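Sequence lines set the chain letters: A, B, ... in the order given, protein chains first and strands last, and positions in each chain run from 1. In this text, all values refer to a predicted model and were calculated from it rather than measured experimentally.
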Protein chains: 2
Amino acid sequence: MTKQGETGQKPLRKGMLEKRQAILKGARAVFGREGYTRASIDAIAAEAGVSSRTLYNHFGDKEGLFRAVLLDSSVAVTTAQQELLARHFHKFRDPETDLYDMALEWIGGIETHPEHFALVRQIIPEASRLPVDVLEEWRRVGPKATQQALKEHLLAAGRAGLLAIDEENADRATRHLALFTGGAVSAESAQGALPLAPEEFERLVREGVELFLQLYGKSSGE
Amino acid sequence: MTKQGETGQKPLRKGMLEKRQAILKGARAVFGREGYTRASIDAIAAEAGVSSRTLYNHFGDKEGLFRAVLLDSSVAVTTAQQELLARHFHKFRDPETDLYDMALEWIGGIETHPEHFALVRQIIPEASRLPVDVLEEWRRVGPKATQQALKEHLLAAGRAGLLAIDEENADRATRHLALFTGGAVSAESAQGALPLAPEEFERLVREGVELFLQLYGKSSGE
DNA sequence: TAGCTATTACAACGGTCATTGTAATTTTCG
DNA sequence: CGAAAATTACAATGACCGTTGTAATAGCTA
């Protein structure tokens, strides 16, 4: 138990890092597809093209692997989402269209990173069995981090006079934008479990952005 | 497979019905707590105070039991929710307070029927492995039925001149009320997986109702 | 009370799975 | 190249679990 792996501090040898990432990739796929309990170590090892013994040498046990996969995947997706937000808000001029384009790609992340969100869907019912620190760190590096980035971009847009947002209402505005777009999509698709027609998806996001601008737009807001 | 059980058409003998309901109750608890895969037949039988063989005689196999439990529980909760809506809208006079009271108890159903919603949380990641007809029937007798009842009450309130709701916008208004209150609570509590402080719960519901009235209230709406 | 039926206790089968040990083999690095 | 480390194949262990059969028992109904 105290040998190595766990949090993976110092994989020095060359191939180790590749093996490790292959395992993480395979585990993300299988855990997301099958769920924690159904996912067998052998299936993950096969998906990663690795012996199951190597997997144990890297991550200790099944729970350690799940922990590593969840956090690794969360960091990756959060990074991608933050880059996406930065890219869209960089050229933020017209709230009407720019906010819609941004939200479309942001919420579309559910389909851009299907394995990650399948993985996240698995932890919801498993929450009471998962160590609290894992849950907390997931929220911190995942949803919370993305939300924080969004909040800062919205604040910047507010300072630029493009939205009716200031330090006072920024938190609520951020929650509202997420709720009106992502929350609406999530509710309609049973938390992403059921497929949603693209037109329906776009309609929900569009209506959500319209509602958001109705509250925080410069024309009718304030 | 063709012997009996399955959909349970004719349990005539006296004690059988009690056994059946004891099994459904125990299965709801264990399935909700452990999830489909982890939940063992023996654990369910023990929780129900019944031999595992009796369980098989009633429901055929594990999947048949899960199917029966999910639909039975959904019908029960939907009935309770519809009664709740009828009771509140019966004495619907002042949108400000009446709508808040209603939403508080409605969304509070997550805590009033914890086993049911734990069960529902389990089917989300399991969706792709569940027969489509089970999923469809669940949505029909569950969320869809409640949503339909709410829509009719909102329409009635609109006809009574208490809300700015008519046949044109009733569907959207219904979705909005659910999203602003239940969706907000759901998002904040990670789909109900993480506990939410009562004050936070009430605050979210209150803000949700306020926002709803901002859009569909008679004073500032229209 | 007699007979039918549901229920039970018990055992067993076949399967899956997490985990570990070991020895051989491959890979990496000095 | 040669040593050290990582990886592999292989097997085994111990546990859990869904499901079924069976014979005994308890409960209901007529």
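- Using a 4.0 Å cut-off, no side-chain N or O of A:K19 falls inside it from OP1 or OP2 of C:dT27.
- Closest contact between the side chain of A:N57 and the listed nucleotides D:dG21, C:dC17, D:dT8 involves D:dT8.
- Looking at the side chain of A:Y56, the nearest of the listed nucleotides D:dG18, C:dT22, C:dA18 is C:dA18.
- Applying the 4.0 Å criterion to OP1 and OP2 of D:dT7, one finds that A:H58 has a side-chain N or O inside that range.
- For B:Y36 and B:F66, the distance between ring centers is under 6.0 angstrom.
- Using a 4.0 Å cut-off, some side-chain N or O of A:T54 falls inside it from OP1 or OP2 of D:dT8.
- At distances below 3.5 Å, not a single donor-acceptor pair connects side-chain atoms of B:T37 with backbone N or O atoms of A:R38.
- A side-chain donor-acceptor contact under 3.5 Å links B:S189 to the backbone of B:V185.
- For B:I41, whose side chain is taken as the heavy atoms from C-beta onward, the closest listed nucleotide among D:dG18, C:dA6, C:dT22 is D:dG18.
- Checking D:dT8, D:dG18, C:dT7 against every side-chain atom of A:V50, the shortest atom distance belongs to D:dT8.
- Residue whose closest nucleotide on DNA chain D sits further toward the 5' end, between B:Y36 and B:G15: B:Y36.
- Of the listed nucleotides (D:dA9, C:dT19, C:dA9), D:dA9 has the atom at the smallest distance from the side chain of A:S51.
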